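Just below is one structure, and these are the notes that go with it.
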Amino acid sequence: MAKNTTKEYDKGLNGTIFDIKHQRTFCLIKPDGVMRGLIGEIIGRIEKSGLKIVAAKMLVPDEELIKAHYPTSDEKWIARLGTKAKSGLEGLPLTATEVYGTDNDSELGQNVVSALIQYMQSGPVFAMVVEGLQAIEMVRKLAGHTLPFKAEMGTIRGDFSVDNPVVANVEGRSIHNLFHASENQGEAEHEIKLWFGGEVICDYSLASDDIMYCKHY
Ligand code: UDP
Ligand code: MG
């Protein structure tokens with residue numbers, strides 16, 4: 001927790017307001033983002049939103065780390081990947097069985113997981129812990145929709161990627177969507193511990209904090 005930014009009124013509601021203002025999330029620039037030279041652009045968007053980077057590092061992750069990072073044994077998450085992959089078919093004259101060889105969400109999701117594990121090891125990633133007011137939701141908003149062709153303009157994925165799981169699958173690859181961000185508190189805690197456990201997470205104030213979301217007058 002950031003101690004030096006604590007204000008009297010932050011301590012209200014049993015510290016809940018403080019926790020909301022200093023929420024931490026995990027995010028990562030994927031290999032395609034690093035190899036396209038988009039680290040600065042993506043970090044710039046995080047910083048300009050008023051959120052604060054409190055830890056960062058670059059590495060090429062191994063299979064073990066990627067398997068631990070994603071909920072690869074969660075059947076619901078795997079089936080959800082299958083559903084998302086199928087949503088790439090919208091508006092196209094193709095069926096799931098034609099494209100993916102199956103209509104079954106779990107089976108299809110499992111294929112997505114295999115491709116995803118390869119993609120995430122294909123080069124360096126830039127991992128970060130980001131802190132700020134409702135940071136988990138804010139960074140998800142900055143990221144945009146999982147599928148690049150559905151991601152809104154103004155988001156990282158919408159502005160800098162165009163891909164569809166249908167096209168990706170034909171090439172036996174994951175979609176290339178540049179950026180990962182924790183979806184909820186549970187994922188954020190798990191991912192911060194996995195990638196930065198035992199490492200220093202910095203505690204400092206941003207000059208903009210007082211203007212952005214404190215009563216400074
Ligand atoms: N993914 C994919 N094809 C799909 C759905 C997902 O390659 O049809 C990959 C993509 O890289 C995505 C990751 O799997 O970011 C994890 O999927 P999730 O549903 O958790 O999306 P996210 O949280 O990244 O938006
Ligand atoms: Mg996810």
Side-chain angles (χ1 to χ4, degrees), residues 25-36 38 42 45-46 61 63 65-92 94-128 130 135-152 155-192 194-195:
T25 190
F26 173 82
C27 61
L28 175 154
I29 303 172
K30 295 180 176 182
D32 53 325
V34 172
M35 290 189 277
R36 284 178 56 198
L38 290 172
I42 293 171
R45 288 177 177 222
I46 295 168
E63 184 170 339
L65 179 56
I66 297 306
K67 282 185 171 165
H69 168 73
Y70 285 112
T72 47
S73 47
D74 177 348
E75 285 302 327
K76 276 194 188 141
W77 180 76
I78 293 169
R80 196 189 72 173
L81 287 181
T83 312
K84 275 193 190 179
K86 279 207 282 196
S87 74
L89 291 159
E90 284 164 23
L92 301 179
L94 294 162
T95 65
T97 312
E98 279 174 321
V99 174
Y100 300 112
T102 177
D103 194 33
N104 180 279
D105 284 356
S106 300
E107 214 178 303
L108 215 162
Q110 198 56 61
N111 295 339
V112 174
V113 171
S114 306
L116 176 61
I117 291 169
Q118 282 180 24
Y119 162 45
M120 292 296 285
Q121 296 177 75
S122 66
V125 300
F126 193 87
M128 289 168 271
V130 171
I136 297 171
E137 200 180 330
M138 288 302 301
V139 178
R140 286 295 292 185
K141 268 169 53 177
L142 289 171
H145 195 284
T146 306
L147 306 182
F149 81 100
K150 288 195 175 196
E152 312 76 6
T155 66
I156 293 164
R157 288 163 167 174
D159 285 351
F160 301 112
S161 63
V162 280
D163 206 0
N164 181 320
V166 171
V167 177
N169 188 75
V170 171
E171 296 175 306
R173 62 169 177 83
S174 172
I175 50 163
H176 294 165
N177 63 356
L178 298 169
F179 189 66
H180 164 84
S182 311
E183 292 183 41
N184 51 49
Q185 185 83 45
E187 277 192 9
E189 283 169 14
H190 164 69
E191 292 167 7
I192 291 170
L194 179 70
W195 292 81

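Starting from 1, each residue takes its place in the sequence as its number. Note that the structure is a prediction, hence the values are computed from the model and not measured. Both counts, for ligands and for their atoms, begin at 1 and track the order of listing.
For the pair I175/T146, a side-chain contact is recorded, criterion being any heavy-atom separation below 4.5 Å from C-beta on. Within the 4.5 Å cutoff, the side chain of E107 has no heavy atoms near those of the Y100 side chain. Y119 places a side-chain heavy atom less than 4.5 Å from the side chain of D32.
Using a non-hydrogen distance threshold of 4.0 Å, H176 does not register as a contact of ligand 1. Residue contacts with ligand 1: R140 is included, with a non-hydrogen atom under 4.0 Å away. Residue contacts with ligand 1 do not include F179, since none of its heavy atoms lies under 4.0 Å from the ligand.
With a heavy-atom cut-off of 4.0 Å, P165 touches ligand 1 through its side chain alone. With a 4.0 Å cut-off on non-hydrogen atoms, E187 does not touch ligand 1 at all. Contacts between R157 and ligand 1, counted as non-hydrogen atom pairs separated by less than 4.0 Å, involve the side chain only. Neither the backbone nor the side chain of H145 has a heavy atom within less than 4.0 Å of ligand 1.
The distance from ligand 1 to the heavy atoms of A85 drops below 4.0 Å at these ligand atoms: 8 (O). When each atom of ligand 1 is checked for a heavy atom of R80 under 4.0 Å away, the hits are 18 (P), 19 (O), 20 (O). Residue L116 approaches ligand 1 through these ligand atoms, each under 4.0 Å from one of its heavy atoms: 9 (C), 11 (O), 13 (C), 14 (O). In the vicinity of K30, heavy-atom distances shorter than 4.0 Å reach the ligand 1 atoms 10 (C), 11 (O), 12 (C), 15 (O).
In this pair, H69 and H180 present their aromatic rings perpendicular. The plane angle is above 60°, beyond the 30 to 60° band.
Checking only distances, H180 never comes within under 3.5 Å of ligand 1, N or O to N or O. Of the N or O atoms in E183, one or more lie within a sub-3.5 Å distance of an N or O in ligand 1.
E183 has its closest N, O or S atom to the Mg ion (ligand 2) at the position named OE2.
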- Query: How far apart are the C-alpha atoms of T83 and D105, what are their side-chain angles, what is the distance that settles it, and do they pass the side-chain hydrogen bond (donor to acceptor under 3.5 Å, both in side chains) test?
  - Reply: CA-CA 6 Å; T83 312; D105 284 356; 2.9 Å; yes
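Remark: among candidates N177, D32, V112, the nearest residue to atom 4 (C) of ligand 1 is V112, based on non-hydrogen atoms.
S182 contributes a side-chain N or O that, together with a main-chain N or O of F26, makes up a donor-acceptor pair within less than 3.5 Å. A distance-only check finds no donor-acceptor pair linking the side chain of T72 to the backbone of A68 [under 3.5 Å]. Side chain of K86 to main chain of D103: a donor-acceptor pair is present (N/O by atom type, distance under 3.5 Å, no hydrogens or angles).
The neighbour count for K150 NZ, taken as heavy atoms of other residues, nucleotides or ligands under 6.0 Å away, is above 12. A 6.0 Å sphere centred on CD of E98 holds more than 12 heavy atoms belonging to other residues, nucleotides or ligands.
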